[in-house]
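The structure appears below as structure tokens.
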Amino acid sequence: MRRREVLILSSVVLAATSVPTAQAQQGPFRPTKRQVAEALNEAAKFSEVLVAVDALRLNLLLTKSSLGEALTASMEQLPEYRRLKEAAVRGAEKLRGTLEPSPEPMEELVTALQAPVDKAISILVEHGLQPGSELLERQVEGFWTFLYALTESGQETAENIGQWICGSNPFDALCG
């Protein structure tokens, strides 16, 4: 099986649940306030966010030229990734009910976090996901919401998360 096929198949799990897709946008990716509020307000919806981030992680691994080395490095960094996922859950709990669900787009994340979100789109498209596809939207929206929950809740600083992204395989592909 080719990497592109594996990339697409690994994302199929995201198609099992319905999440509204973000409207086509110009400039940086920003989900709507409604999408983020729904994800933060329900534990089950936030679990979908974490599945989307897991799918992005797997897809980024599959884009690495040396998959074996990348997999080894990512396994070594798995405890920190799990810690951040737990912190994101705590962050979502802290933020429940704080965001008004409206169709307006969210504000951009700080550059250190927004740039990796936008880079994720180009990497996923380059490796086979269709621009505007539901699978692409779910992974990027999930990653955006994950970063928002971590930083907006005060669980982590944007600077620390930016450093983690750039120093953590496979998310380091989203830097530069």
Rounded to the nearest 0.5 Å, what separation is found between the [atom1] atom of [X] and the [atom2] atom of [Y]?
| X | Y | atom1 | atom2 | answer |
| --- | --- | --- | --- | --- |
| Leu174 | Ile123 | CG | CD1 | 5.0 Å |
| Glu76 | Ser168 | CD | OG | 11.0 Å |
| Gln77 | Thr72 | CD | OG1 | 11.0 Å |
| Gln130 | Glu137 | CD | CD | 12.5 Å |

Do you see a donor-acceptor pair shorter than 3.5 Å between the side chains of Asp54 and Tyr81?
->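 Yes - a donor-acceptor pair under 3.5 Å links their side chains.
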
Can you establish whether the number of heavy atoms outside Glu42 located under 6.0 Å from its atom CD is more than 12?
->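 Enclosed.
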
For Glu93, does the CD atom have more than 12 heavy-atom neighbours from other residues, nucleotides or ligands under 6.0 Å away?
->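 Yes - once you tally the heavy atoms of other residues, nucleotides and ligands closer than 6.0 Å, there are more than 12.
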
Might you point out which heavy atoms bring [X] and [Y] nearest each other, and give the distance in Å?
| X | Y | value |
| --- | --- | --- |
| Thr32 | Gln35 | N-OE1, 2.7 Å |
| Pro31 | Glu141 | CB-CG, 4.0 Å |
| Ala149 | Ala88 | CB-O, 3.8 Å |
| Leu150 | Leu84 | CD2-O, 3.4 Å |
| Thr151 | Leu147 | OG1-O, 2.9 Å |
| Leu67 | Leu61 | CD1-O, 3.2 Å |

Quick one: does [X]'s side chain get under 4.5 Å of [Y]'s, heavy atoms only?
| X | Y | value |
| --- | --- | --- |
| Lys45 | Glu48 | yes |
| Leu56 | Phe171 | yes |
| Ser74 | Arg57 | yes |
| Gln139 | Leu129 | yes |
| Arg30 | Glu108 | yes |
| Glu156 | Trp164 | no |

Only one of Leu60, Thr63, Asn59 clears side-chain contact (heavy atoms from CB on, under 4.5 Å) with His127; which?
->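 Result for side-chain contact (heavy atoms from CB on, under 4.5 Å) with His127: Thr63.
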
How far apart are the C-alpha atoms of Lys64 and Asn169, what are their side-chain angles, what is the distance that settles it, and do they pass the side-chain contact (heavy atoms from CB on, under 4.5 Å) test?
-> CA-CA 10 Å; Lys64 298 286 188 164; Asn169 195 326; 3.6 Å; yes

Start with the C-alpha distance between Val36 and Leu95, add both sets of side-chain angles, then the distance that settles side-chain contact (heavy atoms from CB on, under 4.5 Å), and finish with yes or no.
-> CA-CA 10 Å; Val36 176; Leu95 294 171; over 6 Å; no

Please report the C-alpha distance between Leu113 and Tyr148 in whole Å, then the side-chain angles of each, then the deciding distance to 0.1 Å, and finally whether the side-chain contact (heavy atoms from CB on, under 4.5 Å) criterion is met.
-> CA-CA 9 Å; Leu113 303 180; Tyr148 179 84; over 6 Å; no

Dump the intermediate steps for side-chain contact (heavy atoms from CB on, under 4.5 Å) on Leu99 and Met106, then the final yes or no.
-> CA-CA 10 Å; Leu99 192 59; Met106 295 288 292; 3.7 Å; yes

Phe29 and Phe143: aromatic ring centres closer than 6.0 Å?
->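 Not close enough - the centres of the two rings lie 6.0 Å or further apart.
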
Counting distance only, does the side-chain N/O of Ser122 pair as donor-acceptor with the main-chain N or O of Lys119 below 3.5 Å?
->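 Answer holds: yes.
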
So, does Arg96 use its side chain to make a donor-acceptor pair with the main chain of Leu40 at under 3.5 Å?
->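 Yes: the side chain of Arg96 pairs with the backbone of Leu40.
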
Please determine if Glu86 and Arg83 form a salt bridge, counting it only when a charged side-chain N lies under 4.0 Å from a carboxylate O.
->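 No, Glu86 and Arg83 are not salt-bridged.
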
